[in-house]
2 protein chains.
Amino acid sequence: MQIDVILTPSELSDINLSGRWVAVIDVLRATTTMVAALDAGCRDIIPCPSVEEATRLAETLGRENVTLCGEREGNKINGFDLGNSPLEFTEPVVKNKTLLMSTTNGTSVISRAKPATVLSIAGFSNAGAVAEFLASGGSDILLICSGKLGRFSLEDMLCAGLLAGLVWEGNPEAILSDGARMAVSLYKKEGKSLLKAFKQSQHGEYLISLGYLEDLKYASQLDISKTVPVFKDGRIVKS
Amino acid sequence: MQIDVILTPSELSDINLSGRWVAVIDVLRATTTMVAALDAGCRDIIPCPSVEEATRLAETLGRENVTLCGEREGNKINGFDLGNSPLEFTEPVVKNKTLLMSTTNGTSVISRAKPATVLSIAGFSNAGAVAEFLASGGSDILLICSGKLGRFSLEDMLCAGLLAGLVWEGNPEAILSDGARMAVSLYKKEGKSLLKAFKQSQHGEYLISLGYLEDLKYASQLDISKTVPVFKDGRIVKS
């Protein structure tokens, strides 16, 4: 078993995803929000790489049958029902709904990672469950940090370090890539105070400036969910 | 002043280099070798992104007037004079020569970084000198890790962490990007035993398997040179 970490989505173009069990990480906030949405009882989530694709799909499926959600520059998209804050995705709002979701980083990375043999979704909120799920496959594991606009994001790397460390603990014979080794090392050093690390990160600072401090607090909670979202037949559902 | 680190060359496509003072890092081995070559008295180094370009340029300049050097898959290129080991670049071999150099990672990254306002070359061997040079500009600083075949390399990140930390020490008001913060953190944790870290890295392991352990030892030496190579008018020369 190899445990590999992709630090920025641009590395994806050099990698063969077939045969790998993959987790996409976008802690602030897409993957944290997806876990929250599934826990609030939504039926499924269709990740859409662009706003246009989400809008077109909403017309095809019937606007009344879907909930359009996502963000651009951190804020709700014009004409959409919800933004990208995990706190918006409560049971009264999303139960039994199909969500069409388009975010700047997370959903486009998920779309690019479709060739993976197994494609799951991870944040701190469900890290323990995802680590157990990935380890159960016995295959090579790839953790993809979504980052921000093609650049590296600290919070995603910390989550990758937690996941890689958990899988490695149970599989000490696994081979760690340079990226995985660095992520594990980073999490050991900075993982004790996640919220502090988020607040100092570039993306965290930006979200706070938009008024989303509560989202940072939510996303820094460890293992509040046992849900492992997986991508199947074009939709994200509970595994 | 901002201090930013590019973890993999693929991030380069999302970045405006104009106005920045840049250092390209390819510890194993291109940038370490360039410093060694300039210290051994070579006249200049012309980085060539491809073998074909190096060969064509050798014909144009006159094969007898240049030294062709570089590697593919770690070994000397067929028909070239030298490989990419810093130990080959001694005074009797390269003094007053123009080197045409093509390596898998380092020289192609240098070619892509040409739009930078100032473009310098760094390894551990000249880290202190480069940090001083970069800080003297007072501009935004970008450290580019060359990596290996588009993927992240631990040894380049460690060198970026050393450089970022040195500049930051003298400029505590500087803003660190997430990548720079992580690099500084990583160097603090693993910088005490560079050779050990190199040996455990993916690229280091590969080079050892080819018989280049001595190159790892050479590249792990700190501040053995005061040379700051810079890219000017298509050539790398001492600043």
Side-chain angles (χ1 to χ4, degrees), chain A residues 2-16 27-28 104-105 112 142-161 175-193 196-206, chain B residues 2-16 27-28 104-105 112 142-161 175-193 196-206:
Chain A
Q2 206 214 18
I3 307 173
D4 195 359
V5 171
I6 283 194
L7 287 74
T8 63
S10 45
E11 280 186 84
L12 262 174
S13 42
D14 297 304
I15 288 194
N16 181 6
V27 172
L28 296 177
T104 315
N105 308 295
R112 290 177 60 193
L142 180 68
L143 309 172
I144 303 177
C145 299
S146 297
K148 184 170 188 271
L149 297 169
R151 300 297 315 278
F152 168 79
S153 271
L154 191 71
E155 67 280 4
D156 293 340
M157 189 70 179
L158 284 168
C159 188
I175 296 162
L176 268 65
S177 71
D178 279 10
R181 277 194 60 215
M182 186 175 63
V184 168
S185 178
L186 187 74
Y187 183 75
K188 271 188 195 156
K189 192 162 183 295
E190 307 212 7
K192 274 157 217 143
S193 181
K196 189 179 156 203
F198 288 9
K199 283 180 179 173
Q200 288 174 346
S201 76
Q202 292 177 291
H203 201 167
E205 277 185 359
Y206 179 67
Chain B
Q2 207 214 17
I3 307 173
D4 195 358
V5 172
I6 283 193
L7 286 75
T8 63
S10 45
E11 281 186 83
L12 261 174
S13 43
D14 296 305
I15 288 195
N16 181 6
V27 171
L28 296 176
T104 314
N105 308 295
R112 289 177 61 193
L142 180 69
L143 309 171
I144 304 177
C145 299
S146 296
K148 185 170 187 274
L149 297 169
R151 299 297 316 279
F152 168 78
S153 271
L154 191 70
E155 67 280 3
D156 292 341
M157 190 70 178
L158 284 169
C159 188
I175 297 161
L176 267 65
S177 71
D178 280 10
R181 277 194 61 216
M182 186 176 62
V184 168
S185 178
L186 186 74
Y187 184 76
K188 272 188 194 155
K189 193 162 181 297
E190 307 213 7
K192 274 156 218 144
S193 182
K196 189 179 155 202
F198 288 9
K199 283 180 180 173
Q200 288 174 345
S201 76
Q202 291 177 291
H203 199 167
E205 277 184 359
Y206 178 67

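Since we're looking at a predicted model, the values are computed, not measured. Reminder, nothing fancy here: chain letters follow the sequence lines and each chain counts from 1.
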K.L.:
Name the member of B/Gly150, B/Ser13, B/Ser10, B/Gly179 that forms the most heavy-atom pairs with chain A at distances under 4.5 Å.
P.N.:
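Of B/Gly150, B/Ser13, B/Ser10, B/Gly179, B/Ser10 has the most heavy-atom pairs under 4.5 Å with chain A.
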K.L.:
Less than 4.5 Å apart, any side-chain heavy atom of A/Leu28 and any of A/Tyr206?
P.N.:
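Side-chain contact under 4.5 Å: no.
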K.L.:
Based on non-hydrogen pairs under 4.5 Å, which of A/Arg151, A/Lys189, A/His203, A/Glu155 is most in contact with chain B?
P.N.:
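Result: the option with the highest number of such pairs is A/Arg151.
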K.L.:
Among all residues two or more places apart in sequence or in another chain, which pass the salt bridge (Lys or Arg N to Asp or Glu O under 4.0 Å) test with A/Asp178?
P.N.:
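If we apply the salt bridge (Lys or Arg N to Asp or Glu O under 4.0 Å) test to A/Asp178, skipping adjacent residues, there are no hits.
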K.L.:
Residues two or more places apart in sequence or in another chain: which of them pass side-chain contact (heavy atoms from CB on, under 4.5 Å) with A/Glu190?
P.N.:
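For A/Glu190, the residues satisfying side-chain contact (heavy atoms from CB on, under 4.5 Å) (neighbours in sequence not counted) are A/Leu154, A/Leu158, A/Leu186, A/Ala197, B/Arg181, B/Ser185.
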K.L.:
Can you tell me which of B/Pro9, B/Ser201, B/Ser153 forms the most heavy-atom pairs within a distance under 4.5 Å of chain A?
P.N.:
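Highest number of pairs under 4.5 Å: B/Ser201.
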K.L.:
With a 4.5 angstrom heavy-atom cut-off, could you sort out which part of A/Ile175 is near chain B: side chain, backbone, both or neither?
P.N.:
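Neither part; nothing is under 4.5 Å.
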K.L.:
For B/Asp156 and B/Val27, indicate whether the former's side chain and the latter's backbone hold a donor-acceptor pair under 3.5 Å.
P.N.:
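The answer is yes, because a donor-acceptor pair under 3.5 Å joins these two groups.
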